[in-house]
Amino acid sequence: QVQLVESGGGSVQAGGSLSLSCTASGRTFSTNAWFRQAPGKEREFVASISRYGTKTYYADSMQERLTISRNSAKNTVYLQMNRLKPEDTAVYYCAATTVVLGDRSAKSRDAYAFWGQGTQVTVSS
């Protein structure tokens with residue numbers, strides 16, 4: 001069965017860094033992405049990456065602090081987050097689809113058929 005499993009979440013002080021991982025099993029995807037959801041907020045787009053890592057998209061508000069990458073042999077996607085802020089506190093979710101997505105579609109929650117359970121990121125001030 002298809003599964004997406006996140007890891008790497010935790011607590012960090014403002015200005016610190018975290019690296020998240022998402023390992024997929026059961027299928028190879030054309031687009032992988034990270035979303036996040038803070039308490040009382042809607043789930044929002046963070047970053048996405050194409051099958052071979054040649055095309056990436058980032059949320060405008062975070063792009064200078066993020067790097068999304070992948071290891072295709074391990075079927076794993078990574079999200080490096082730097083200079084974290086308290087407002088980055090959220091549950092971070094891995095998402096995936098077999099469809100090749102452009103800029104606009106990649107940022108839509110409805111574009112993704114598969115989701116992980118999420119990993120908590122807490123940034124303290």
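Residues take their numbers from the sequence shown, with the count starting at 1.
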#### Entry: Main-chain N/O of A33 paired to Y93 side chain as donor or acceptor, under 3.5 Å
no

### Query
Can you name the nearest heavy-atom pair linking R65 to L84, along with the distance?
NH1-CA, 3.8 Å

### Task
Could you list the residues that satisfy ring-ring contact (aromatic ring centres under 6.0 Å, His included) with F45, not counting sequence neighbours?
F35

### Minimum-distance pair of heavy atoms, taken over all atoms of A90 and R36
CB-CB, 3.9 Å

### Task
Give the minimum heavy-atom separation between Y92 and V46, together with the two atoms involved.
CE2-CG2, 4.3 Å

### Query
Between the side chain of Q117 and the main-chain N/O of V5, is any donor-acceptor distance below 3.5 Å?
no

#### Entry: disulfide (SG to SG under 2.5 Å): pairs with one or both residues in residues 33-70, sequence neighbours excluded
none

### Task
Report the distance from atom CE of M62 to atom NZ of K85, rounding to the nearest 0.5 Å.
8.5 Å

### Task
Apply the test side-chain contact (heavy atoms from CB on, under 4.5 Å) to residues Y78 and N71: give CA-CA distance (whole Å), side-chain angles for both, the deciding distance (0.1 Å), then the verdict.
CA-CA 8 Å; Y78 307 94; N71 185 324; 4.0 Å; yes

### Query
Do Y112 and I49 sit in the same hydrophobic cluster, where Ile, Leu, Val, Met, Phe, Trp and Tyr count as joined when their side-chain heavy atoms come under 4.5 Å apart?
no

### Query
Could you give all pairs that pass the salt bridge (Lys or Arg N to Asp or Glu O under 4.0 Å) test and reach residues 90-108, with sequence neighbours left out?
D103-K107

### Residues forming a side-chain contact (heavy atoms from CB on, under 4.5 Å) with V99, sequence neighbours excluded
T97, L101

### Task
Answer yes or no: are there more than 12 heavy-atom neighbours, outside E87 itself, under 6.0 Å from its atom CD?
yes

### Summary
Of all heavy-atom pairs linking T89 and A38, the shortest is O-CB, 3.7 Å

### Closest non-hydrogen atom pair, T54 against S50
N-OG, 3.3 Å

### Common cluster, W34/F114, ILVMFWY with side-chain heavy-atom separation under 4.5 Å
no

#### Entry: Short side-chain to backbone donor-acceptor contact, E6 and C94, under 3.5 Å
yes

### Query
What closest approach, in Å, do R43 and R109 show between heavy atoms, and which atom pair accounts for it?
O-NH1, 2.7 Å

### Inter-residue atom distance L79.CG - N32.CG, 0.5 Å rounding
12.0 Å

### Message
With heavy-atom distances below 4.5 Å as the criterion, would you say the side chains of Y57 and I68 are in contact?
### Response
no

### Query
Can you hop from V121 to V77 via hydrophobic side chains spaced under 4.5 Å?
yes

#### Entry: Side-chain cluster (under 4.5 Å, hydrophobic types only) that V100 belongs to, other residues
none

Which donor-acceptor pairs under 3.5 Å do the side chains of residues 10-29 make with protein atoms, sequence neighbours left out?
from, atom 1, to, atom 2, distance (Å)
S17, OG, N82, OD1, 3.0
T23, OG1, T76, OG1, 3.1

## Note on the structure
Distance col, row T31:OG1 vs R51:CZ, nearest 0.5 angstrom, shows 10.5 Å

